[in-house]
There are 2 protein chains.
Amino acid sequence: MDTQTVCLGLLTFGEASGYDLKKHFEATLDHVFATGFGSIYPALAALAEGGFIECLGAEGEGPTQRKVYRITARGEEELKRRLATSQPSHKLRSELLALLYFSHLVPPQRVAELLDERIASMEAGLRHLARSGCPGEHRWPGSVRFVNGFASALIEAGVRYMKDHRHLLEQDRTTQP
Amino acid sequence: MDTQTVCLGLLTFGEASGYDLKKHFEATLDHVFATGFGSIYPALAALAEGGFIECLGAEGEGPTQRKVYRITARGEEELKRRLATSQPSHKLRSELLALLYFSHLVPPQRVAELLDERIASMEAGLRHLARSGCPGEHRWPGSVRFVNGFASALIEAGVRYMKDHRHLLEQDRTTQP
DNA sequence: CGCAACATGTAAGCGGTTACATGATTAC
DNA sequence: GTAATCATGTAACCGCTTACATGTTGCG
């Protein structure tokens with residue numbers, strides 16, 4: 001389950017360019033599986049090389065023009081195989097939490113700033129997900145709603161916890177271990 | 001905020017060997033910032049090289065014996081500098097959620113198995129945190145309780161969401177996009 | 001006697017991040 | 001005109017993961 005596989009999966013929802021896939025990531029998946037152009041474009045090239053996707057003739061010549069890809073039958077089989085056999089990980093990696101573990105060595109004002117910033121960015125993410133989640137245009141499949149909802153639930157829990165327990169980081173400042 | 005900095009920070013809690021640090025990670029930090037021996041030992045070597053920590057004479061000769069480290073004054077300054085200046089990230093990376101995004105291509109039985117496994121492992125993590133959280137031996141500083149509590153809150157929210165919404169992954173199976 | 005836990009390290013490989021490079025089109 | 005967005009790609013770097021290699025101590 002690397003970026004390559006996820007790109008392959010996204011193409012089961014319809015034809016798309018690398019840029020389109022990035023937009024799709026930003027709309028929903030980025031909250032649980034972030035990816036940049038530097039991963040997407042090589043992934044598409046490798047998938048095309050393997051015959052798992054095909055490029056519907058680049059519109060216009062040169063390296064600047066839009067290249068739309070479609071998944072092939074072989075690609076769908078490969079995707080199903082990968083989805084069926086991988087042992088999917090699930091990890092939080094938070095430099096912020098690691099830093100706060102040592103908040104007794106950080107100026108209180110900076111601790112407060114870091115928390116404020118994170119809460120603000122989480123709340124922005126929440127609003128962003130709420131927008132993506134009800135586009136009216138077409139109903140998302142249950143799987144997509146599940147993942148969006150999961151991200152929302154986790155972010156919400158994080159925000160609530162930070163607001164309710166940040167006082168823990170302001171006490172014990174005088175007691176050196 | 002890489003493994004090196006976190007190791008440096010953990011040494012502010014007292015002298016420790018690489019193995020001790022790994023145990024400390026496993027007890028609490030692993031839930032928000034996982035690390036293996038392959039990161040810890042090189043990190044300690046580099047920190048010692050830079051004069052940020054010092055090795056209290058290895059007990060016994062050869063490469064097998066326990067090597068206990070202590071943070072130096074220079075190390076504490078460096079740590080404070082790093083904690084004060086870094087822009088700490090905070091990211092979830094879940095191959096599981098990415099996979100479930102395409103659950104319309106996964107056998108229902110496997111979806112159920114994956115969810116059951118993840119829920120079980122999360123509940124195990126919760127029990128593990130509860131044990132580490134009240135050791136009776138000595139009261140943890142507020143910062144550590146904050147991080148432990150955050151991890152617990154997030155895992156709990158994840159478990160609850162998965163239990164309450166897994167039905168979303170079982171519908172829409174017949175409707176192909 | 002064997003197994004688990006203790007204890008330290010190296011090296012290859014993989015994959016994500018970031019910076020760089022380029023250029024077209026659209027809106028103000 | 002000029003800034004933002006659209007659009008594709010490469011290459012270096014960095015750090016984590018994994019496998020390997022080795023040896024001791026304590027328990028049943």
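Residue numbers start from 1 in every chain, and the chains themselves are labelled A, B, ... in the order their sequence lines are given, proteins ahead of strands. Just so it is clear, the model here is predicted, and its values are computed rather than measured. Just so you know, these numbers use all the heavy atoms, side chains as well, and skip hydrogens, waters and symmetry mates.
- Side-chain proximity of B/K67 to the nucleotides C/dG16, D/dA7, C/dT8 is greatest for C/dT8.
- Nearest to the side-chain atoms of A/Y41 among the listed nucleotides D/dC6, D/dT17, D/dT8 stands D/dT8.
- Take the nearest nucleotide of DNA chain C for B/K91 and for B/A45: the residue whose nucleotide is more 5' is B/A45.
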*Assess whether salt bridge (Lys or Arg N to Asp or Glu O under 4.0 Å) is satisfied between A/R82 and A/E78, documenting all intermediate values.*
CA-CA 6 Å; A/R82 293 190 194 181; A/E78 173 70 8; 2.8 Å; yes

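- In this structure, B/R166 fails the cation-pi test against A/F146, since its NZ or CZ atom is not both closer than 6.0 Å to the six-membered ring centre and inside 45 degrees of the ring normal.
- At least one side-chain nitrogen or oxygen of B/S17 sits closer than 4.0 Å to the OP1 or OP2 atom of C/dT8.
- The aromatic rings of B/F37 and B/Y19 sit parallel to each other, their planes meeting at less than 30°, with 60° as the upper class boundary.
- In this structure, the nucleotide among D/dT8, C/dG16, C/dA7 sitting nearest to the side chain of A/F37 is D/dT8.
- Side-chain N/O atoms of A/R93 include one lying less than 4.0 angstrom from OP1 or OP2 on D/dC16.
- B/Y41 is not connected to B/L29 by any chain of hydrophobic side-chain contacts under 4.5 Å among Ile, Leu, Val, Met, Phe, Trp and Tyr, and they are in different clusters.
- At a threshold of 4.0 angstrom between heavy atoms, the contacts of B/G18 are confined to the sugar-phosphate backbone, with no base atom among them.
- In the set D/dC6, D/dG15, D/dG9, D/dG15 carries the atom at the smallest distance from any side-chain atom of B/D2.
- Looking at heavy-atom distances under 4.0 Å, B/K22 makes no contact with the nucleic acid at all.
- Closest to the side chain of A/P42, out of D/dT10, C/dA5, D/dT8, is D/dT10.
- Using bins of under 30°, 30° to 60° and over 60° for the plane-to-plane angle, the ring pair A/H24/A/W140 lands in the perpendicular bin.
- Proximity of B/K23 to the phosphate of C/dC6: a side-chain N or O atom is located under 4.0 Å from OP1 or OP2.
- For C/dG16, the OP1/OP2 oxygens have no side-chain nitrogen or oxygen of A/T35 closer than 4.0 Å.
- The nucleotide whose nearest atom lies closest to any side-chain atom of A/Y69 is, among C/dT8, D/dA7, D/dG9, D/dG9.
- Among the nucleotides D/dT24, C/dA5, D/dC6, the one closest to any side-chain atom of B/Q65 is D/dT24.
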